[in-house]
Amino acid sequence: MIATFMRLFGQPGRPVAVSNDAQLEDQMTQAMVYLLGLEEAQAQPLAQGALRQRQFLRGGRSLQATPSHGFEPARQGLHAALASGPCLLALPFSVTGICLLRSLSADPALHLVLVQSPLLRTLGDEIPLARRPMPVCSTQNAVAQVKMDAARRARTVYVSFPELQPLGHGTTASIAFLGKPCRFSMLDPLLGISGMAAVLTPTFDGAALLAWNRPQSREGAQGAVMHACLHWLIEHLQTSAAAAPDLTLSWPHLYRASLHFYRIERANQLKQLEAWAAAWARSSPGQAHRLAQFAHARVAALSQAGSH
């Protein structure tokens with residue numbers, strides 16, 4: 001029984017298994033209804049379009065043609081930025097983001113390293129992200145590796161998908177996404193101030209790369225700089241999502257990042273906890289005290305987490 005509780009209330013921010021297509025369509029529809037403020041009848045065709053794109057991407061294809069100029073301006077911009085040292089390329093998890101990465105991976109002169117979260121590893125097994133194998137760096141080791149590359153001015157491009165980063169307690173910040181309160185990982189901003197020569201993200205159509213203009217900061221003001229970087233990233237990610245919702249593949253994960261979903265999930269978990277506690281007390285009276293102590297601790301932890 002204790003093991004059951006630990007499964008219910010294990011590590012926060014745990015990756016969610018890839019759902020089947022019917023579930024994905026429902027999750028994307030719910031996300032668009034909440035985040036974009038659409039009616040369900042408006043959101044459903046867009047969700048179906050996004051799902052169709054995802055199905056084609058699984059086979060290494062896409063329904064979306066590349067821009068008329070290709071991704072050459074983005075590639076040239078990346079090479080120019082690398083002249084000063086390692087760069088962070090923060091991509092939306094979208095058809096455009098994946099097609100851009102596939103195009104860049106065909107350039108043998110670019111050393112691309114994927115910042116791989118557990119969720120991205122799962123999704124990468126489903127959808128080919130590049131045309132050739134890419135070295136990976138775990139989210140736990142990314143900061144140390146970036147600092148080493150920065151010290152030797154290595155021409156390395158660290159590729160990340162900010163929407164897919166873990167949402168563990170103490171590593172996230174609250175920020176509005178499309179006007180709705182959400183939580184996002186601070187990993188990308190942390191990487192951005194750890195020696196990166198540039199933090200880049202594509203325009204919504206992948207036509208070019210935009211560079212973050214890092215503000216001047218006083219010593220000890222790194223937190224403010226990181227939040228400025230996060231706001232900049234979110235501004236462009238939400239622009240991409242709103243401009244092409246049927247090309248955006250991150251809707252289920254954006255919905256899970258919302259405070260709205262977080263509160264629903266925690267409320268449901270607390271109800272499950274109460275039900276298990278009652279069942280345990282009825283079936284094993286001698287163990288009720290131990291269970292009550294455990295349940296109390298978990299409820300307190302969840303309540304405290306929910307207040308942030």
Side-chain angles (χ1 to χ4, degrees), residues 49-50 53 57 61-115 120 127-132 134 146 149-150 153-165 175 177-178 184 187-189 191-193 195-215 225 228-251 254:
Q53 293 281 2
L57 285 169
R61 300 172 294 158
S62 169
L63 290 174
Q64 181 206 40
T66 57
S68 58
H69 48 68
F71 293 111
E72 184 60 17
R75 190 187 71 84
Q76 292 178 358
L78 192 53
H79 274 287
L82 285 169
S84 301
C87 297
L88 176 65
L89 178 59
L91 297 175
F93 188 62
S94 66
V95 174
T96 300
I98 293 172
C99 287
L100 173 58
L101 180 54
R102 287 178 178 178
S103 177
L104 294 174
S105 70
D107 183 349
L110 287 174
H111 178 49
L112 305 173
V113 175
L114 188 64
V115 180
L120 183 57
I127 301 172
L129 298 176
R131 293 180 182 174
R132 59 182 168 93
M134 286 176 57
V146 165
D149 275 352
R153 293 171 62 89
R155 292 171 59 91
T156 304
V157 181
Y158 287 89
V159 181
S160 76
F161 291 88
E163 299 150 311
L164 307 182
Q165 302 291 25
I175 187 171
F177 188 93
L178 293 170
F184 283 91
L187 177 60
D188 288 277
L191 294 176
I193 67 166
M196 292 290 186
V199 178
L200 307 166
T201 197
T203 54
F204 76 91
D205 59 356
L209 295 181
L210 304 170
W212 175 50
N213 185 17
R214 179 173 176 169
V225 176
C229 182
L230 181 63
H231 278 269
W232 179 82
L233 279 173
I234 296 304
E235 177 185 348
H236 292 292
L237 289 172
Q238 67 183 3
T239 297
S240 296
D246 56 336
L247 300 181
T248 299
L249 307 179
S250 56
W251 289 116
L254 291 170

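L187 places a side-chain heavy atom less than 4.5 Å from the side chain of V115. Under the 4.5 Å side-chain criterion, counting only non-hydrogen atoms from C-beta, L249 is in contact with L57. Looking only at side-chain heavy atoms (C-beta outward), F161 and D188 stay at 4.5 Å or farther from each other. No side-chain heavy atom of L89 sits less than 4.5 Å from a side-chain heavy atom of L101. At a threshold of 4.5 Å between non-hydrogen side-chain atoms, the residues D149 and Y158 count as touching. Within the 4.5 Å cutoff, the side chain of P162 has heavy atoms near those of the L237 side chain. Using a 4.5 Å heavy-atom cutoff, the side chains of L129 and I98 are in contact. Two residues are said to be in side-chain contact when any heavy atoms from C-beta on lie closer than 4.5 Å; F204 and S94 fail this criterion.
With sequence neighbours excluded, no residue forms a side chain to side chain contact (heavy atoms under 4.5 Å, CB included) with R153. For D246, there are no salt bridge (Lys or Arg N to Asp or Glu O under 4.0 Å) partners at least two apart in sequence or on another chain. Applying the side chain to side chain contact (heavy atoms under 4.5 Å, CB included) criterion to A197, with sequence neighbours excluded, gives S84. With sequence neighbours left out, R75 forms a salt bridge (Lys or Arg N to Asp or Glu O under 4.0 Å) with E72, D107. Residues satisfying the side chain to side chain contact (heavy atoms under 4.5 Å, CB included) test with S105, not counting sequence neighbours, are L112, A130, R131, R132.
Within the structure, the side chain to side chain donor-acceptor pair (under 3.5 Å) test picks out the following pairs touching residues 228-242 (sequence neighbours left out): W232-H236.
Checking side-chain atoms of T201 against main-chain N and O of A90 turns up a donor-acceptor pair under 3.5 Å. Remark: the backbone N or O of F93 is paired with a side-chain donor or acceptor of E163 at under 3.5 angstrom.
With rounding to the nearest 0.5 angstrom, the CE atom of M134 is 9.0 Å from the CG atom of L104. Between the OG atom of S160 and the CG atom of L88 there is a distance of 4.5 Å, given to the nearest 0.5 Å.
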